[in-house]
Amino acid sequence: MLEGLAPDGGLYTPEAIPPLPDGLLLDATSIADIGAHILPSWFGADPSLPELKHICSDALSFPVPLVALPGAWEGVHVLELFHGPTLSFKDFGARTMARLMSRILPAEEHLTILVATSGDTGSAVADGFSGHPNIDVILLYPKGQVSEVQERQLIVSRTGVHAYAVEGSFDDCQRLVKKAFHSNEFKGRRLSSANSINIGRLIPQMLYYLEAWRVGQFTETPTICVPSGNLGNLTAGVMAHLAGMPVRGFIAAHNANDFFPRFLSNGDEDHRESIRTFSNAMDVGVPSNFERLRYLLRPDEMRELIRGDCVSDEQTLASMRRVYNDTGYIADPHTAVGLEAVRRHMNDGVPGPYIVLATAHPAKFPDIVEEAIGFFPEEPPALTALRDLPVCVTSVPPDLASIAGRA
Ligand SMILES: *Cc1c(COP(=O)(O)O)cnc(C)c1O
């Protein structure tokens, strides 16, 4: 977790998945409780159990509602993962990992967290780590390619956080982060990453899958639909499944960036540049966690367990409109990609129940919501409060020297 990336440039991946403790879902009374039961087998004796419970309850101190959709959408449950401080599911991994890292970092050491973000990761990581002593954060995001609300969340001035608007794409930002680990520019500084290349984010993300099970009390095994980009969220779900959580299958719902669905359908691994879409946190040309999935599952197991789907921007808008008209539910564009994939599976006769992970709050994407359903979503207080806070950001070309020189 402290290293972020393995010395050979690869991703740390568990050699074995510790099985879920017996009776977990009967014993646990909250998501923090689930964390306290599961995390010790992943972290060993350090940090110790009582602290893990405290870390989880401190990090995951917000509601995780499972909303059953009515009418034509009966059997579809939306797991709302956007009630944390930065209003996306990234808060789960980032807040828990920040506390774990802060706990295990030796007192005399300093750590710099590098994070590339196409929207939501950056603010969750900045919020999660800000104020932890001996840790600072360098955020890189593609200039002009995140929504106005996302940008405000990224650049709000926070203790120990340096935000850079990089003149390039998200893939450029991600390349810079990977490069920094072996660069002269950052030599002598202890670096880690808080992208989903860090296993420390994925382990806590298993918890909300189990929370959905605990709350939903499903009698039939659900299919879980994951709006996907870098495939970190899906990999966490697959880890929970390999640990013993039953699923009928997963749906990897992607936007026009179709690397993974293409691989699942024909084995094609051609790398393509990312394309900008309405669900911008999923605009990833080459998902970094693909490597991990491939390590965890053989290709035939992967195809058996996971179905891929692609949803265009037009279909995303139509999905937001359809779900709103049918049920009154307002979905953000990422969640709408997932809901559309589910609708297709229902039409194909795959029986429910379905769980769709709602990855962001609709108020993060007011203009797209307005375009789809004709009015702006209500703004939660966490966003309104940001309007009055000072901001701090530097524009840089996509090279490490410009970044290392300033941070
Ligand atoms: C990051 C993000 C995704 C994609 O998650 P991955 O783990 O990268 O697949 C989907 N939706 C939202 C809102 C996100 O912020």
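Ligands are counted one by one from 1 in listed order, and the atoms in each one are counted from 1 as well. Numbering starts at 1 and runs along the sequence shown. On a predicted model such as this, the values are computed, not experimentally measured, just so you know.
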Is there a nitrogen or oxygen of S88 sitting under 3.5 Å from a nitrogen or oxygen of ligand 1? no

Determine whether a donor-acceptor pair (N or O, by modelled atom type, separation under 3.5 Å) exists between the side chain of R387 and the backbone of R152. no

Between the side chain of D348 and the main-chain N/O of V350, is any donor-acceptor distance below 3.5 Å?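 Checked: no pair found.
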
Considering only non-hydrogen protein atoms, determine which one is nearest to [atom] and report residue, atom name and distance to 0.1 Å.
| atom | value |
| --- | --- |
| atom 12 (C) of ligand 1 | T359 OG1, 3.4 Å |
| atom 2 (C) of ligand 1 | K90 NZ, 2.4 Å |
| atom 4 (C) of ligand 1 | G229 N, 3.6 Å |
| atom 7 (O) of ligand 1 | N233 N, 2.8 Å |

L231 near ligand 1 by a heavy-atom separation under 4.0 Å: yes

Check if F89 has a non-hydrogen atom at a distance under 4.0 Å from any atom of ligand 1.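 Contact check F89 vs ligand 1: positive.
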
Atom 6 (P) of ligand 1: which of L202, V226, N230 has the nearest heavy atom?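 The option holding the nearest heavy atom is N230.
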
Just jot down the ligand 1 atoms closer than 4.0 angstrom to any heavy atom of [X], in number order.
| X | value |
| --- | --- |
| P227 | 4 (C), 10 (C) |
| G232 | 6 (P), 7 (O), 9 (O) |
| D120 | 12 (C), 13 (C), 14 (C), 15 (O) |

For the ring pair F82 and F62, is the centre-to-centre distance below 6.0 Å?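 No, they do not, as the ring centres are separated by 6.0 Å or more.
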
Answer yes if the ring centres of Y329 and Y324 are under 6.0 angstrom apart, and no otherwise.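 Judged by ring-centre distance (under 6.0 Å), Y329 and Y324 do not meet the cut-off.
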
Over all heavy atoms of both residues, which pair between S274 and G285 is shortest? Give the atoms and the distance, please. CB-N, 3.5 Å

Side chain to side chain donor-acceptor pair (under 3.5 Å) contacts in which one or both residues fall within residues 230-248, not counting sequence neighbours: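 Pairs touching residues 230-248 that pass the test: Q174-N230, Y208-N233, Y209-N233, N230-S288.
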
If you draw a 6.0 Å radius around CD in E301, do more than 12 non-hydrogen atoms from other residues or ligands fall strictly inside? yes

Which residues pass the side chain to side chain contact (heavy atoms under 4.5 Å, CB included) test with L389, not counting sequence neighbours?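 Side chain to side chain contact (heavy atoms under 4.5 Å, CB included) check on L389 returns V156, L386.
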
